[in-house]
2 protein chains.
Amino acid sequence: MPGEGPPSGTVPGWACEGPGASGKNRRVCHAAARLEMGSLWEEFNRLGTEMIVTKAGRRMFPTFQVKLSGLDPSADYVLLMDFVPLDDKRYRYAFHSSSWLVAGRADPAAPGRVHFHPDSPAKGAQWMRQIVSFDKLKLTNNLLDDNGHIILNSMHRYQPRFHVVLVDPRRDSERFAHENFKSFSFPETQFMAVTAYQNHRITQLKIASNPFAKGFRDGEPEPW
Amino acid sequence: MPGEGPPSGTVPGWACEGPGASGKNRRVCHAAARLEMGSLWEEFNRLGTEMIVTKAGRRMFPTFQVKLSGLDPSADYVLLMDFVPLDDKRYRYAFHSSSWLVAGRADPAAPGRVHFHPDSPAKGAQWMRQIVSFDKLKLTNNLLDDNGHIILNSMHRYQPRFHVVLVDPRRDSERFAHENFKSFSFPETQFMAVTAYQNHRITQLKIASNPFAKGFRDGEPEPW
DNA sequence: CTCTTGGCACCTAGGTGAAAATGT
DNA sequence: ACATTTTCACCTAGGTGCCAAGAG
């Protein structure tokens, strides 16, 4: 079942350990990211988060947002996201039992794309100043999309991933690429891509928490 | 009367002339700015452009937009605007003659503020890539404004000014400040600050050309 | 009288899920 | 049957000029 995992957001092995060539650049190894709206993500995750994908592209809700710390204030960084398949399966939803069932092997993988945060590149000080929000990121199921959106297979599970990349001013910076980035995965943000919501409780939670989804708010009844 | 002046946008004296300490940094002296929507600005200017100022802050229309060239693609620049009084007078509008009359000396000058383009700082290559638009800039008549808006006196005339500032990485860069910027004034963008439109033809032109102003467009009559 | 303020109806622009239509 | 596409009413968010009322 979807959703379980450690509450940490740091991929093991990226710590600033020891000397030698295997370490990370000191300007990225102390980077830390705290997921915003964590309790909302967890609420969705308990039900099994679903994200709509459309031909034109649909935003995620909740929006993926992080608070950064530990960057070098005066160094340049690029921030980006990608999405990794959580398994090699295709799913379908059993309405009678309100649960997801494996429906076979995964479809051919969609073109792997990344989404650069539109403010990239920017100084560490700028990134740490306020919450970094990926609200321009859109998900699509159109394999031929030419709007630069993230392409996903519907009825497949994904794990959002967040990357902090140091802009290395050195010549031959490609040769140091492996030590110039740090990645973060928050298990509570994993989701099932769908073209229409399957679990009614997900629909209800979206309506209750997304201001753009219609519906009366907060016990406010219609005006008489 | 408002509106006359040379069609050039370059302030004389900023050219890259000669040797010696009086010149500009080579990374700014070749900078050039072309005003976008020039014909619309001129159309307004012929009538005597008016810009609304409100307590909450009002955008300019037309929006001040420029196309930049001649920057060093890899150098960092800050782009900003300020507004200089065109004279020391206060005006009033004579409806019967449809003309502006001098109504006395200028009120005490409003706090001088500048508006940094929100993408600042950025590389020359980034600034030159597309049109730079100051559509976040707002004008207010609130002397105590704390939203960072440009404060102007109503019934006074102003000349918008645009500045390209090189971010100088050298220590003691303050000592070179005078040679690290280049300024542009487009006479066709001068305007009268008002709290309500005075010239009806200005109102009509705003409605006809600003998508946010209501009114039927393009001879399209109401549905039947 | 001249000028300013605040509410408001009416726009643009674009993010929602519902539901019907269309595949497969 | 299951999944996708399309359309649409209904939102948020915010930029307009208008007009009545207020302030000097």
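Proteins get letters first, then strands, A, B, ... in listed order; numbering begins at 1 in each. Note that these values count all heavy atoms, side chains included, but never hydrogens, waters or copies made by symmetry.
- The stretch residues 35-42 of chain B has no heavy atom under 4.0 Å from DNA chain C, so no residue of it qualifies as close.
- Of all nucleotides listed (D:dG17, C:dT16, C:dG15), C:dG15 comes nearest to the side chain of A:Lys138.
- Backbone-only contact: A:Ser154 has heavy atoms under 4.0 Å from sugar-phosphate atoms and none from a base.
- With no hydrogens or angles considered, no side-chain donor-acceptor pair links A:Ser185 and A:Gln159 at under 3.5 Å.
- Taking the C1' atoms of five terminal pairs at each end of the helix from C:dC1-D:dG24 to C:dT24-D:dA1, the two resulting helix axes are inclined by 0°, rounded to 10°.
- For the pair A:Lys206 and A:Phe44, the cation sits on the ring face: its NZ or CZ lies under 6.0 Å from the ring centre, inside 45° of the axis.
- A donor-acceptor contact shorter than 3.5 Å links the side chain of B:Ser209 to the backbone of B:Leu205.
- Close to C:dG17, at under 4.0 Å from its OP1 or OP2, lies a side-chain N or O of A:Tyr197.
- Computed from coordinates, the A:Phe212 CZ to C:dA13 P distance equals 16 Å when rounded to whole Å.
- When rounded to the nearest whole Å, the span between OH of B:Tyr93 and P of C:dT4 equals 16 Å.
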### Message
Working note: B:Tyr91 + B:Leu101, criterion side-chain contact (heavy atoms from CB on, under 4.5 Å); need CA distance, chi angles, decisive distance, verdict.
### Response
CA-CA 6 Å; B:Tyr91 292 84; B:Leu101 307 176; over 6 Å; no
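- Of the two residues contacting DNA chain D, namely A:Tyr91 and B:Ala196, the nearest-nucleotide position lying further toward the 5' end is that of A:Tyr91.
- A donor-acceptor distance shorter than 3.5 angstrom exists from the side chain of B:Asp145 to the backbone of B:Gly148, with no hydrogens or angles considered.
- Rounded to whole Å, atom P of D:dA3 lies 11 Å from atom CE of A:Met192.
- Atom CZ in B:Arg90 sits roughly 15 Å away from atom P in D:dG24 (whole-Å rounding).
- The distance from atom CG of B:Asp87 to atom NE2 of B:His156, rounded to the nearest 0.5 Å, is 8.5 Å.
- Side chain of B:Asn141, nearest nucleotide from D:dA3, C:dG17, C:dT5: C:dT5.
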### Query
What do the steps show when you test B:Arg105 against B:Asp88 for salt bridge (Lys or Arg N to Asp or Glu O under 4.0 Å), and what is the final call?
CA-CA 6 Å; B:Arg105 285 286 297 264; B:Asp88 200 39; 2.6 Å; yes
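- Residues from residues 59-67 of chain B placing a heavy atom under 4.0 Å of any atom in DNA chain C do not occur.
- Between A:Tyr77 and A:Trp127, a ring centre-to-centre spacing not shorter than 6.0 Å is recorded.
- Side-chain contact between B:Lys182 and B:His163 is absent, with no heavy-atom pair separated by less than 4.5 Å.
- In this structure, A:Lys55 and A:Arg92 both approach DNA chain D, and ranking their closest nucleotides by distance from the 5' end singles out A:Arg92.
- Using a 4.0 Å heavy-atom criterion, one finds that A:Arg58 contacts the bases of the nucleic acid, with or without backbone contacts as well.
- Taking the side chain as every heavy atom from C-beta outward, B:Pro85 and B:Arg157 never approach each other to under 4.5 Å.
- A donor-acceptor pair shorter than 3.5 Å cannot be found between the side chains of B:Asp107 and B:Asn153.
- Picking from C:dC3, C:dT16, C:dG17 the nucleotide with the shortest atom distance to the side chain of A:Ile207 gives C:dG17.
- No side-chain donor-acceptor contact under 3.5 Å links A:Arg201 and A:Gln204.
- Judged by distance alone, the side chain of B:Glu50 and the main-chain N or O of B:Phe191 form no donor-acceptor pair under 3.5 Å.
- Counting only heavy atoms from C-beta on, A:Pro211 has its side chain closest to D:dT12 among C:dT5, D:dT4, D:dT12.
- If you measure from atom CG of A:Leu205 to atom C1' of C:dT16, you get 14 Å, rounded to the nearest angstrom.
- Remark: P of D:dT6 and CD1 of A:Ile52 are 15 Å apart, rounded to the nearest angstrom.
- In this structure, the CE atom of B:Met155 is 17 Å from the P atom of D:dG24, given to the nearest Å.
- The nearest whole Å value for the distance from the NZ atom in A:Lys206 to the C1' atom in C:dG15 is 12 Å.
- Considering only the side chain of A:Thr203, C:dG17 comes nearest among C:dT5, D:dA3, C:dG17.
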